[in-house]
Amino acid sequence: MTDLSTLKSEVQQAVEAANDIAALEEARVSALGKKGRVTELLKTLGTLPETERKDFGARINVLKSELENLIEARKAKLGTAALDARLMSEKADVTLSVRPEDKGAIHPISRTIADIVALLSPLGFSVAEGPDIESDFYNFAALNMPPDHPARQMQDTFYLGLGDSGAGGLESSNPESPSPQAPMVLRTHTSPVQVRTMLQSKPPIRILAPGRVFRRDFDQTHAPMFHQVEGLVIDETTHMGHLKGVLMDFLRGFFGVPDLKVRFRPSYFPFTEPSAEVDIGCSRPGGKIKIGEGDDWLEVLGCGMVHGKVLNNCNIDPAKYQGFAFGMGVERLAMLKYGIPDLRTFFEADLRWLRHYGFSVLGD
Ligand code: PHE
């Protein structure tokens, strides 16, 4: 007679070994199906003597229900495992690139701003930011450009809300609220961040103000939106010699030319006195600019000692404090450093351009 406990352990093994629903069903059929081993045993009951039949029948039925429970338990487990596996295989990491074959790249503008900050922050500069939409006070009046100041015309300003005609106004002494005479503007430089910083904090001040600026201009070297980084240092002792040292070191580091010729040429800005424009040595063989060689000059930034009137407007005593400011165009520096010929292409979002001029995320 078949040993029921052997049968049980064999079926049990087959059930445990089944790794998917199909294999489990096979194990079930071979034990409990119409021609399964347990079913076949039940069929033999009739051949047994009456005395044994009852007892053996009961044992087979116990075995049958045990095996059914086993199979059910295994089925539940395989079902959960199958669901888990499916969830795992179908899981989507929403932070991954939609097209992993297309690696992202850092835009030359971001890269250039990061380079400028990296070169200057060891000197104690920290980054300050301000709004793109500015009041007349922060963008002009506080910077020693009263309403009728001719320098306002140099800036090709976008005025907001009140047409493009009004160039500032009499009421620009109110820093926050616009008036018909002094409408809000898209900031024409990041100098308003300097004003905000001076009004909010006490010297010593050392900040860099990177950001978007806006002017009504559009050609190969001008875009209506571009980027600047301005710098400001205010304390009791900083003088023009420091300004020259900082900018010379910066430019030599930025262009990677240790003996780069740097020239400070007297100039005019309403917010600095004295003011200078800074030129670097270059040559122009066949019209192409080569930095760091030759006898030609190329203008790269504006700078000067902060005007006493600006300090006064920002509640800083010009008899006690002084310092310098400088400003540079990010696109212009990037064009020179990376040989990009047209400023407008920075903002065309042309993937081929981005692949060509972009930088790898992990540095290069
Ligand atoms: N704000 C000036 C501009 O945008 C740049 C500048 C800043 C010049 C600081 C001198 C000092 O034209």
Side-chain angles (χ1 to χ4, degrees), residues 112-113 116-117 120 125 127-132 134-146 149-158 167-168 185-198 205-217 221-234 238-240 242-248 250-251 262-280 299-311 313-314 316 318 321-333 343:
T112 305
I113 291 177
I116 296 169
V117 172
L120 289 168
F125 288 91
V127 170
E129 290 184 318
D132 290 358
E134 269 295 4
S135 72
D136 185 279
F137 174 82
Y138 290 114
N139 195 77
F140 291 125
L143 289 158
N144 195 28
M145 282 186 271
H149 199 286
R152 288 188 177 219
Q153 256 70 60
M154 284 161 48
Q155 303 245 358
D156 297 312
T157 311
F158 285 110
V185 300
L186 289 179
R187 66 179 179 188
T188 57
H189 46 186
T190 58
S191 308
V193 180
Q194 304 192 19
V195 177
R196 288 174 178 274
T197 306
M198 287 190 276
I205 293 170
R206 282 184 190 184
I207 55 145
L208 294 173
R212 271 188 285 267
V213 299
F214 306 85
R215 295 187 195 180
R216 292 180 3 165
D217 230 336
T221 52
H222 297 88
M225 187 281 297
F226 60 103
H227 298 76
Q228 282 190 334
V229 176
E230 294 204 353
L232 173 73
V233 175
I234 302 289
T238 290
H239 53 67
M240 189 108 185
H242 296 124
L243 166 61
K244 290 179 76 174
V246 165
L247 291 181
M248 283 167 77
F250 163 72
L251 288 168
V262 180
R263 173 173 86 171
F264 290 75
R265 183 168 35 79
S267 184
Y268 173 78
F269 298 105
F271 28 85
T272 46
E273 181 60 34
S275 304
E277 279 174 313
V278 183
D279 301 333
I280 55 175
E299 185 217 318
V300 286
L301 40 86
C303 63
M305 300 303 291
V306 178
H307 200 296
K309 284 191 181 166
V310 175
L311 294 176
N313 292 339
C314 298
I316 291 177
Y321 295 105
Q322 60 188 36
F324 62 76
F326 57 86
M328 54 191 122
V330 177
E331 283 77 359
R332 184 167 168 72
L333 289 178
L343 189 147

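Numbering of ligands and ligand atoms starts at 1, following listing order. All residue numbers refer to positions in the sequence shown, counting from 1.
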Distances under 3.5 Å, N/O of ligand 1 against N/O of the protein: list each pair and its distance.
{"from": "ligand 1", "atom 1": "1 (N)", "to": "H189", "atom 2": "ND1", "distance (Å)": "3.0"}
{"from": "ligand 1", "atom 1": "1 (N)", "to": "S191", "atom 2": "OG", "distance (Å)": "3.0"}
{"from": "ligand 1", "atom 1": "1 (N)", "to": "E230", "atom 2": "OE2", "distance (Å)": "2.7"}
{"from": "ligand 1", "atom 1": "4 (O)", "to": "R215", "atom 2": "NH2", "distance (Å)": "2.9"}
{"from": "ligand 1", "atom 1": "4 (O)", "to": "Q228", "atom 2": "NE2", "distance (Å)": "2.8"}

- Message: Ring centres under 6.0 Å, that's the criterion: do H189 and F271 meet it?
- Response: yes
- Task: Check ring-ring contact (aromatic ring centres under 6.0 Å, His included) between F324 and all other residues, then give those that pass, not counting sequence neighbours.
- Result: none
- With N313 via side-chain contact (heavy atoms from CB on, under 4.5 Å) - residues at least two apart: A142
- Message: For Y138, does the six-membered ring have the charged nitrogen or CZ of R196 within the cation-pi criterion, i.e. under 6.0 angstrom from the centroid and within 45° of the normal?
- Response: yes
- Item | Which residues share a ring-ring contact (aromatic ring centres under 6.0 Å, His included) with H222, sequence neighbours left out | none
- Any donor-acceptor N/O pair, R187 side chain to V193 backbone, under 3.5 Å: no
